[in-house]
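Contents: one structure, followed by commentary.
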Amino acid sequence: QVGANSPILKGFLVRRKHAEEVNQERESVSVRIRPLRLEGFEQLPKHARRCVFWEVDPSAAVRTSEFDKEAWTSGLLLEWGTCAQLAESGPNVVRTSGAGSAPDNWRTVVVGTAFYAPPPRVPRAAHFPTSPVSADAVLLTSLRADNGFREARALLLDAVVADLVQRGVRALEAFGIRGHAATDPREDICGECMIDADFLADSGFELVAPHHRFPRYRLVLDEGLGWKSAVEGALERLVVEAALKIAVEPDLTMAPVGG
């Protein structure tokens, strides 16, 4: 059962709030999430397309290589399955001219990405002070969104969780970063490819390996799920309880969210 204080419920509510803010702030622009396909590699933002911080062993002393990133991504897609979710933005308009037009015919740009993979396929993962990643978990390596679309991170995370739940994965883990991402070069860290520790904690992840700089977090995916159905059930119960309380105590009123 998912209680009112459950971290899963807390994370779901935080991500739902962020998703609602995306829609409220952009009346003429929409964001949609879709999995990365083999043919979609060229659509990735420049940094996501070229940075191999996670994908190449640090001993190789290679940080930027579009060839290596494409090889890693293609190999994972073919051998393991979906390894990234993309957030696309564009006018919420359907083209009507020409045959075969469909809602997919957006003029879009990728404004956010989330990459994830089995730990053995992520060489960098073994070099963190809070390694190793649990054997039953998939590693969320990076989750980022362009300025002006930061709330899309919540949508990306939901898409990752939904994909892994369908595939029967036990847990999702991630290395967080504390402090400013612009780090001392001696740390050999790519700030753009790291995930803010506070975001992970606020999204329902549990701290499993504390560290002042690189804590490791874990989200168990099979507790109650469908985790999503359990959360939805908990929300329904809270609404019913509130309605019953109002019925019993007529002086109470339902205040608008944020009011």
(request) Please report the C-alpha distance between Ser89 and Phe149 in whole Å, then the side-chain angles of each, then the deciding distance to 0.1 Å, and finally whether the side-chain contact (heavy atoms from CB on, under 4.5 Å) criterion is met. (result) CA-CA 9 Å; Ser89 175; Phe149 295 91; 3.4 Å; yes

How far does [atom1] of [X] sit from [atom2] of [Y], to the nearest 0.5 angstrom?
X	Y	atom1	atom2	value
Phe128	Arg213	CZ	CZ	10.0 Å
Asp163	Tyr116	CG	OH	3.5 Å
Thr73	Lys69	OG1	NZ	5.5 Å
Ser65	Trp72	OG	CH2	13.5 Å
Leu77	Cys83	CG	SG	4.0 Å
Phe53	His47	CZ	NE2	9.5 Å

List the atom of [X], the atom of [Y], and the distance in Å for their closest heavy-atom pair.
X	Y	value
Thr82	Ala84	CG2-O, 3.5 Å
Ser59	Asp57	OG-OD1, 2.7 Å
Leu156	Gly112	CD1-C, 3.8 Å
Pro119	Ser134	CG-O, 4.4 Å
Val52	Val62	CG2-O, 3.6 Å
Cys193	Trp54	O-NE1, 2.9 Å

Do [X] and [Y] have side chains that get closer than 4.5 Å, going by heavy atoms?
X	Y	answer
Trp80	Val138	yes
Cys51	Thr64	no
Ser142	Met194	no
Glu173	Arg216	yes
Arg34	Glu88	yes
Thr141	Phe175	no
Pro215	Tyr217	yes
Val111	Leu86	no

(request) Given side-chain contact (heavy atoms from CB on, under 4.5 Å), test Leu76 with Phe115 step by step and report yes or no. (result) CA-CA 11 Å; Leu76 205 53; Phe115 281 84; over 6 Å; no

(message) Looking only at the side chains, is there a donor atom on one of Thr113 and Gln85 sitting less than 3.5 Å from an acceptor on the other?
(response) no

(request) Start with the C-alpha gap between Arg121 and Glu79, add the side-chain angles, then the distance that decides, and say whether salt bridge (Lys or Arg N to Asp or Glu O under 4.0 Å) holds. (result) CA-CA 11 Å; Arg121 302 296 293 265; Glu79 299 167 18; 3.1 Å; yes

(message) Using the rule side-chain contact (heavy atoms from CB on, under 4.5 Å), only one of Leu140, Leu200, Val165, Val220 pairs with Leu172; which is it?
(response) Leu140

(message) Could you check whether atom CZ of Arg50 has more than 12 heavy atoms from other residues, nucleotides or ligands sitting under 6.0 Å from it?
(response) no

(message) Between Ser131 and Ala125 (side chain of the first, backbone of the second, donor and acceptor by atom type, cut-off under 3.5 Å), is there such a pair?
(response) yes

(request) Using the ring of Phe41 (Phe, Tyr or Trp, six-membered ring only), decide whether Arg49 places NZ or CZ under 6.0 Å from its centre and within 45 degrees of its axis. (result) no

(message) Run Arg218 and Asp136 through salt bridge (Lys or Arg N to Asp or Glu O under 4.0 Å) and show every step you take.
(response) CA-CA 11 Å; Arg218 176 179 174 90; Asp136 63 348; 2.8 Å; yes

(message) I'd like to know if Arg63 and Asp68 make a salt bridge, using a cut-off of under 4.0 Å between side-chain N and carboxylate O.
(response) no

(request) Indicate if Val208 and Val161 have the same hydrophobic cluster label, given that clusters are the connected sets of ILVMFWY residues with side-chain heavy-atom separations under 4.5 angstrom. (result) no

(request) Given salt bridge (Lys or Arg N to Asp or Glu O under 4.0 Å), test Arg178 with Asp196 step by step and report yes or no. (result) CA-CA 7 Å; Arg178 295 195 184 281; Asp196 180 71; over 6 Å; no

